[in-house]
Amino acid sequence: MSTFYVEKLNFKEPKKIAEMFDALLQESTDTVEELESWLKKQSELFDAIEEAMSGHYIDFQCQSDSKEAKEIFEHDQSVIDPLFKKYNSLFDEAFLSSKANCQLDPVLYKQLIKRKQNAKEIFRLENIELEVKEDALATNYFEHTGGLTVQWGNEELTLSELSPYIQAPDRDTRKKALTLISEAILFKEAELQQIMNELIVLRHQKAQNTGLTNYRDYMFKKYERFDYSPQDCKKLAESIRKYVKPLKEKLQKQHKSELGVDTYKPWDRQGVPQGQKPLQPFTTTKELIEKSKVILGNLDPRFAELLTTMDERGMLDLNSRKGKAPGGFCSNLPVSQLSFIFMNASRTQDDMITLLHEMGHCIHNDLMRKQPIGDYRETPMESAELASMSMELLTMDQWNLFYEDEADLIRAKKEQLKGIIDFLPLGMIIDQFQHWMYENPDHTSDERDRKYKELMLDIDSNVVNWNGYEKWQQTAWLRVLHIFEVPFYYIEYVIAQLGAVQMYKQYRENPEQALENYKKALALGSSKSLPEVYEAAGIRFDFSDLMIQELMVFLEQELEQLQ
């Protein structure tokens, strides 16, 4: 397959990999020196496995209709990953039972010990088989959604390629585009609903095997959410309903007036007024890469160097095409000491933002490489997404490179800030939807859809008129791949977005200091708690009523200055 990643191990010989694990488990860890050396060897072995598995995952995402890529990926899921999980638990056990454990530097190893104790509490051997089935169902989701195309005139387009037409000034064009996208998803609804039904059963069983009440509680421990609780998420949803929803409704009413429409329909949400064109910051992905290099280089030469090297090494797959999975991501390749960026560009403002966002992850991976403990290079998503979402905002004052026209530049900045306000309620809907699903695992698919609609009405803006299109509204969650592949991974976007707005506010006041704080915080990896990482960034890990209110006032002021 691809050659951008390094394969140090032969995954076709799992017995030899098991022998390597066993040999390492037999090594003495009686002294601090032996234990630290053992941890380093373990990290190197785990890095080799992560690099190859990430590479195979990328291959499959880049060409989800490839039989060869699928077979390799499924072998990883059914053979290598279960083996890795089994031995990972044995390594945790060996570390916690080592005589030298209590002699380690208590400051340096505090987070590591806490994480390994938590992992031991929730590990169950019988869950490995369930996770193999779970992974297969997630793969099935991508097989159903990755190949979706629609006919647009004489062209066959992927759903990603169709997205620019949702912004068209012509209302009929917007409606046609959104109808094709929504109906393409609904064509697969029965299959996707069944996948979710099966996933809920498996995931509830995993939680029960661990002795926990529900899968939500299991995932809070799995994601090491030591610094906030499910109740905090509920309070955050209420704060966003209280302070973000009214601002979003105000902005949507303004947008409705700009469009000159009597009713604000689902296809109007991203539309541009007559006489304007959707923002198009680049015409080719080469242009996107080159201009992004300049922007990143002005922040720090190392940032641009990373993008240049990744481009030269074939570690960027940016264009949309048939057979390619939807979405976008950054995947860390620890042996290569670089990252891979996957996305589906269609020459929109969102595509520019996506590349800068994913570069935030790449920069984070690079800054963490000097962490002496391998586990600390694996970060909680609340700090991982802080890195990427902050990068979107820290580059805003250089977007003139993409938008030479001053009016377009202002529009682009306003779209970005409005996008934050638009997203926060949606992010909380997806989070609270998953809380409900797994707190009520016996629900039906119809009840699931009704709950999603109920949350939309409660938390999101009520300006949009869904009359006649309620089915689109209540099944919108089917397009959210996180719900299928990485459950409960969404609240992090909301928390990190609140942190990123704080970073942007700091950057507006003192750019140099904000950038230094950004790099200092990311370099910590997961060696410190989330509140400590945020503090190093010069911001607060805080999503209280007061914080939400303050940030919405700030964003509204920023938008007013862009008039």
Side-chain angles (χ1 to χ4, degrees), residues 134 137-146 148 159-160 162-163 166 178-204 214-216 219 230 233-234 236-237 240-241 244-245 248 266-267 269-270 325-329 350 381 419 422-462 464 466 469-494 497:
E134 188 180 2
L137 286 167
T139 301
N140 195 10
Y141 171 81
F142 285 115
E143 289 174 336
H144 281 297
T145 57
L148 287 177
L159 303 193
S160 297
L162 197 59
S163 60
I166 298 173
L178 187 61
T179 300
L180 286 170
I181 291 172
S182 301
E183 294 302 320
I185 294 293
L186 285 176
F187 181 73
K188 292 285 187 178
E189 183 194 4
E191 293 90 341
L192 301 185
Q193 293 277 17
Q194 182 57 31
I195 289 171
M196 183 49 60
N197 290 340
E198 293 178 34
L199 283 171
I200 288 171
V201 171
L202 284 173
R203 289 165 176 172
H204 184 63
N214 58 59
Y215 183 69
R216 189 273 315 281
M219 289 306 289
C233 296
K234 189 174 182 180
L236 177 55
I240 285 177
R241 186 196 67 77
V244 184
K245 179 176 179 174
K248 181 172 179 176
W267 48 83
R269 290 171 295 173
Q270 297 181 50
F329 61 81
D350 282 347
M381 292 172 280
D422 180 65
F423 166 75
L424 290 172
L426 297 174
M428 287 314 307
I429 289 165
I430 292 165
D431 175 69
Q432 291 299 293
F433 177 59
Q434 294 187 87
H435 281 251
W436 178 87
M437 279 203 301
Y438 295 105
E439 286 176 344
N440 303 276
D442 296 326
H443 68 265
T444 66
S445 57
D446 285 342
E447 289 171 333
R448 192 156 61 221
D449 289 349
R450 285 198 296 271
K451 184 62 181 182
Y452 192 78
K453 180 180 177 180
E454 175 190 317
L455 289 167
M456 285 188 73
L457 293 172
D458 180 44
I459 301 172
D460 199 15
S461 163
N462 294 141
V464 178
W466 290 93
Y469 298 92
E470 292 86 354
K471 187 68 174 175
W472 293 4
Q473 181 185 30
Q474 64 189 26
T475 57
W477 64 272
L478 291 171
R479 287 196 72 191
V480 183
L481 61 87
H482 300 69
I483 295 174
F484 292 85
E485 185 187 27
V486 277
F488 284 97
Y489 179 9
Y490 227 79
I491 187 70
E492 295 88 348
Y493 290 125
V494 176
Q497 188 70 84

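Bear in mind that the values here come from a model prediction, so they are computed numbers and not experimental data.
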Within-4.5 Å side-chain heavy-atom neighbours: [X] and [Y]:
| X | Y | result |
| --- | --- | --- |
| Gln474 | Trp466 | no |
| Leu159 | Pro326 | no |
| Met196 | Leu192 | no |
| Gln434 | Ile430 | yes |
| His204 | Asp442 | no |
| Thr145 | Lys188 | no |
| Val494 | Leu236 | yes |
| Glu447 | Asn440 | no |

**OP:** Look only at the side chain of Glu189 and the backbone of Phe187, and say whether a donor-acceptor pair between them is shorter than 3.5 Å.
**Re:**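 Not a single qualifying donor-acceptor pair exists.
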
Work out which heavy atom in [X] is nearest to a heavy atom in [Y]; give both atom names and the distance.
| X | Y | answer |
| --- | --- | --- |
| Lys245 | Asp460 | CE-O, 2.9 Å |
| Met428 | Cys233 | CE-O, 3.4 Å |
| Leu455 | Gln432 | CD1-C, 3.9 Å |
| Pro266 | Val464 | N-CG1, 3.8 Å |

Subject >> Contacts of type salt bridge (Lys or Arg N to Asp or Glu O under 4.0 Å), residue Arg216, not counting sequence neighbours >> reply: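 Counting only residues at least two positions away or on another chain, Arg216 forms a salt bridge (Lys or Arg N to Asp or Glu O under 4.0 Å) with Glu439.
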
**OP:** Not counting sequence neighbours, which residues clear salt bridge (Lys or Arg N to Asp or Glu O under 4.0 Å) with Glu134? List them please.
**Re:**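 Listed in chain order: Arg203, Lys206.
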
What's the spacing between [X] [atom1] and [Y] [atom2] if we round to 0.5 Å?
| X | Y | atom1 | atom2 | value |
| --- | --- | --- | --- | --- |
| Ile195 | Asn197 | CD1 | CG | 10.0 Å |
| Ile181 | Trp267 | CD1 | CH2 | 13.5 Å |
| His435 | Ile491 | NE2 | CD1 | 6.5 Å |
| Ser461 | Arg241 | OG | CZ | 13.5 Å |
| Ile185 | Leu180 | CD1 | CG | 12.0 Å |
| Met437 | Tyr215 | CE | OH | 10.0 Å |

**OP:** For side-chain contact (heavy atoms from CB on, under 4.5 Å), just list the numbers for Tyr493 and Asp431, CA-CA rounded to whole Å, side-chain angles, deciding distance to a tenth of an Å, and then say yes or no.
**Re:** CA-CA 10 Å; Tyr493 290 125; Asp431 175 69; over 6 Å; no

Original post:
His443 pairs by ring pair (Phe, Tyr, Trp, His ring centres under 6.0 Å) with which of Tyr452, Trp436, Phe433?
Top reply: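 Looking at Tyr452, Trp436, Phe433, the match for His443 under the ring pair (Phe, Tyr, Trp, His ring centres under 6.0 Å) is Trp436.
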
**OP:** From the options Gln270, Lys248, Arg269, select the one residue that forms a side chain to side chain donor-acceptor pair (under 3.5 Å) with Asp422.
**Re:**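 Passing option: Lys248.
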
Original post:
Between Trp472 and Tyr469, how do the two ring planes meet: parallel, tilted or perpendicular, split at 30° and 60°?
Top reply: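 Rings of Trp472 and Tyr469: tilted, as their planes differ by 30° to 60°.
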
Original post:
Would Asp446 and Arg450 satisfy side-chain contact (heavy atoms from CB on, under 4.5 Å), going step by step from the backbone distance to the final call?
Top reply: CA-CA 6 Å; Asp446 285 342; Arg450 285 198 296 271; 3.8 Å; yes

Subject >> Short side-chain donor-acceptor distance under 3.5 Å, Glu191 and Asn140 >> reply: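 There is no such pair between these side chains.
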
